[in-house]
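Encoded as structure tokens, the structure appears first; notes follow it.
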Amino acid sequence: MDPVLVQFGPLVIRWYGVMHALTIAVGLWLAYRFGPRFGVPAAVLDRIGLWAVVAMYVGGRLGYVLSHPAEFRDPLEVLRVWHGGLASHGAILAGLAYCTVAARRAGVAVQSLFDAGAFALPVGSFFVRFGNFMNGELYGAPTTLPVGVRFPTAPDAPRHPVQLYEMALALVILAVVWRVARRRAFPGQVWWTALALVSLMRLGLDVLRPEHRVWGVLATGQVAALLLLGVSLWFLWRRPTAPAASLQHLPDGSAGS
């Protein structure tokens, strides 16, 4: 377990950075694959894809700063991105805000653009959590179960490898989202399904993390996940009456080029 993948003199390539790069690459590839089927032309993705990624990273950083204010008494510390980290919920909210504005300017349905980016949620959960695992961070509470891992950053006892649990569940969520995308019944169905499942996963797994509880038994991440889960279920419940173009008649492997 080493955060460094390879090092060439002063050049250090870390697992965490590589996993983020893979998340961006695979997420965009799937957006280009499914976007045109959802009414989002590739030309629109060309214009907004990079800026959506930038918005999410800025939001992720601000989300971390707001949820860990004690670490940022020096305002310049906010810019030292090698200190501290990112908050996934901040990234999600910033991405939604940017894509809402960008979709309206591009003349495409906002919910359809959300659907095109939905795969980034489980893909990011899979890749980024592996980076967390190699960093020896975001582990769970001590456990006597045989799955326990003794992390170099917490050698006192074997702990729940929550990162690996999330990776396994992310693959299940990805399979569900893929199926929903191929049978999409209305705009927004893919995105809100993905967000609901990822939020539900976060609610459950954070029980195993020894984090500071801010609201009864809930940690900060669980509070945000609970809010996003509620919003997702509301959007899925109030589905439009006019169905969007469905992918259910596409043969396997033909969901775009």
Side-chain angles (χ1 to χ4, degrees), residues 1-3 14-20 22-23 56-57 59-72 77 81-95 120-174 176 194-233:
M1 191 182 301
D2 187 343
R14 300 179 182 273
W15 280 107
Y16 190 67
V18 172
M19 293 301 104
H20 273 271
L22 284 173
T23 297
M56 286 187 287
Y57 274 99
R61 181 60 172 175
L62 292 177
Y64 184 87
V65 171
L66 293 175
S67 59
H68 299 77
E71 298 180 22
F72 298 94
E77 193 69 16
V81 294
W82 54 93
H83 294 170
L86 302 167
S88 59
H89 298 106
I92 290 171
L93 293 176
L121 294 176
V123 167
S125 293
F126 180 81
F127 285 122
V128 174
R129 287 302 177 243
F130 182 74
N132 294 137
F133 180 80
M134 296 305 289
N135 281 345
E137 60 191 7
L138 299 185
Y139 44 75
T143 179
T144 58
L145 295 175
V147 295
V149 173
R150 194 178 294 272
F151 290 87
T153 49
D156 58 322
R159 294 175 176 269
H160 282 287
V162 179
Q163 315 94 323
L164 303 185
Y165 301 164
E166 185 163 341
M167 290 177 66
L169 289 173
L171 291 179
V172 175
I173 293 173
L174 180 60
V176 173
L195 186 57
L197 292 175
V198 168
S199 298
L200 188 62
M201 175 178 67
R202 181 68 181 270
L203 275 171
L205 291 181
D206 272 8
V207 172
L208 300 175
R209 292 195 176 108
E211 297 185 26
H212 174 63
R213 306 296 161 176
V214 297
W215 186 21
V217 298
L218 297 179
T220 304
Q222 289 176 299
V223 173
L226 186 61
L227 292 174
L228 290 177
L229 176 61
V231 171
S232 301
L233 293 177

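- Applying the ring pair (Phe, Tyr, Trp, His ring centres under 6.0 Å) test to H89 and every residue at least two apart in sequence or in another chain returns nothing.
- Considering every non-hydrogen atom in both L203 and V207, the closest pair reads O-CG2, 3.6 Å.
- The distance from atom OH of Y16 to atom CZ of R129, rounded to the nearest 0.5 Å, is 7.5 Å.
- H20 is not listed as a side-chain neighbour of F127, based on a closest heavy-atom distance of 4.5 Å or more.
- Inter-residue side-chain proximity for V123 and L22 is flagged as unmet; no heavy-atom pair is nearer than 4.5 Å.
- Side-chain contact between W15 and N135: absent, with no pair of heavy atoms (C-beta onward) separated by less than 4.5 Å.
- The side chain to side chain donor-acceptor pair (under 3.5 Å) test applied to D156 returns R159, not counting sequence neighbours.
- In this structure, the side chains of R150 and P158 come closer than 4.5 Å at one or more pairs of heavy atoms.
- Distance check, rounded to the nearest 0.5 Å: CD of E166 to CZ of R202 gives 7.0 Å.
- Proximity of F133 to M1: side-chain heavy atoms (C-beta onward) are separated by under 4.5 Å at one or more points.
- Between L205 and H160, every side-chain heavy-atom pair lies at or beyond the 4.5 Å cut-off.
- Put simply, CG on L227 and CD on Q222 are 12.0 Å apart, with the number rounded to the nearest 0.5 Å.
- For the pair L121/I92, a side-chain contact is recorded, criterion being any heavy-atom separation below 4.5 Å from C-beta on.
- Between the CG atom in L208 and the CG atom in L138 there is a gap of 13.0 Å [rounded to 0.5 Å].
- If you take CG on L200 and CG on L233, they are separated by 8.5 Å, rounding to the nearest 0.5 Å.
- Here the closest non-hydrogen pair linking G124 and T23 is CA-CG2, 3.5 Å.
- Not one N or O on the side chain of S199 forms a donor-acceptor pair closer than 3.5 Å with the backbone of L228.
- The shortest side-chain heavy-atom distance between S125 and V198 falls under the 4.5 Å cut-off.
- Taken to the nearest 0.5 Å, the OH atom of Y139 stands 12.0 Å off from the CG atom of N132.
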